[in-house]
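Note sheet for the following structure.
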2 protein chains.
Amino acid sequence: MGGKRSAITNTVKAHRSDKGLSQAKLADAAGVTRQTIIAMEQGRYAPSLELAFRLAHVLETPIEELFQFEPEWE
Amino acid sequence: MGGKRSAITNTVKAHRSDKGLSQAKLADAAGVTRQTIIAMEQGRYAPSLELAFRLAHVLETPIEELFQFEPEWE
DNA sequence: ATGAAATGTAAAGTATACTTTACAATACTA
DNA sequence: TAGTATTGTAAAGTATACTTTACATTTCAT
């Protein structure tokens, strides 16, 4: 059963698929490792603001559309 | 002279002043400590994406307007 | 069906965001 | 000008984003 998830969800996987990018390609383009992309897509942790900006740029999608904040979190 | 700064700049201080909020009030509203606000306003580090969302909400300003990403960074 | 590409899991290490505490300096108001 | 609010500095500790390496599983083209 899933471990802790962050208060931030994302639609990176969907947008990545739309662009026909593999996790490795996206990681490269964003300047991070594949592990970072995997963990983020799985919601295991939220990206830094800097990575969020980079992903938004690569995926040509506004940050607010790529990431959703869930205020109601314990 | 000035230590390392992050690749992300922000206009939090200006927006905070516009709202007539002290660092302490903003910190409270965003659920962090005053030290975090100070360090962030001074550009000593970039906030997490979660904090960025919280500040954007409190200051009623889009993330992309509150924070600017500087890709050209060594 | 076989091989390769893509995705996933795991774990230990590093970097940095954030906290906590304490005190100093500056600005505002009576 | 005295007191108070606000901003600033410093340093040690905690939480977590991100890296690195290595290997397992699934997906896809041939």
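Chain naming here is simple, since letters A, B, ... match the order of the sequence lines and numbering starts at 1 in each.
Using modelled atom types, no side-chain atom of B:Asn10 and backbone atom of B:Gly43 make a donor-acceptor pair closer than 3.5 Å. Between the side chain of B:Thr11 and the main chain of B:Ala14, no donor-acceptor pair closer than 3.5 Å is present.
No engagement by A:Ala24 is indicated, since no non-hydrogen atom pair under 4.0 Å with the nucleic acid exists. Residue contacts for B:Thr36: at a heavy-atom cut-off of 4.0 Å it reaches a base atom on one of the strands shown. B:Thr33 comes within 4.0 angstrom of a nucleotide base, judged by non-hydrogen atoms across all strands.
Nucleotide C:dT9 holds its P atom 10 Å from the CD atom of A:Gln23, rounded to whole Å. Atom CD in A:Glu41 sits roughly 12 Å away from atom C1' in C:dA6 (whole-Å rounding). As rounded to whole Å, 12 Å separates atom P of C:dA17 from atom CZ of B:Phe67. Here the C1' atom of nucleotide D:dT9 and the OH atom of B:Tyr45 are 13 Å apart, to the nearest Å. Between the P atom of C:dT7 and the CE atom of A:Met40 lies a distance of 13 Å, rounded to the nearest Å. Distance CG (A:Leu26) to P (D:dC18): 13 Å, rounded to an integer number of Å. Taking atom CD1 of residue B:Ile37 and atom C1' of nucleotide D:dT7, one finds them 13 Å apart after rounding to whole Å. As a whole-Å value, the separation of B:Gln42 CD from C:dA17 P is 14 Å.
For B:Lys19, the salt bridge (Lys or Arg N to Asp or Glu O under 4.0 Å) partners two or more places apart in sequence, or in a different chain, are B:Glu60.
Residue B:Gln35 has no polar side-chain atom (N or O) positioned under 4.0 Å from OP1 or OP2 of C:dA17. Contact annotation: A:Lys13 side-chain N/O to C:dG8 OP1/OP2 distance is under 4.0 Å. Taking side-chain N and O atoms only, A:Ser48 has a distance below 4.0 Å to OP1 or OP2 of D:dC18. Checking the phosphate oxygens (OP1, OP2) of D:dC18, no side-chain nitrogen or oxygen of A:Arg54 falls inside 4.0 Å.
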Starting at the 5' end of nucleotides 23-30 of chain D, put B wherever the base has a protein heavy atom under 4.0 Å, S where only the sugar-phosphate does, and a dash everywhere else.
--------
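Checking D:dT9, C:dT9, D:dC18 against the side-chain heavy atoms of A:Pro47 singles out D:dC18 as nearest.
The two residues B:Ala56 and B:Ile63 make their nearest non-hydrogen contact at CB-CG1, 3.8 Å. A:Phe67 approaches B:Phe53 most closely through the heavy-atom pair O-CZ, 3.4 Å. Nearest approach of A:His15 to A:Thr61, heavy atoms of both residues: CD2-OG1, 3.2 Å.
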Working note: A:Ile8 + A:Gln68, criterion side-chain contact (heavy atoms from CB on, under 4.5 Å); need CA distance, chi angles, decisive distance, verdict.
CA-CA 6 Å; A:Ile8 296 205; A:Gln68 297 81 38; over 6 Å; no
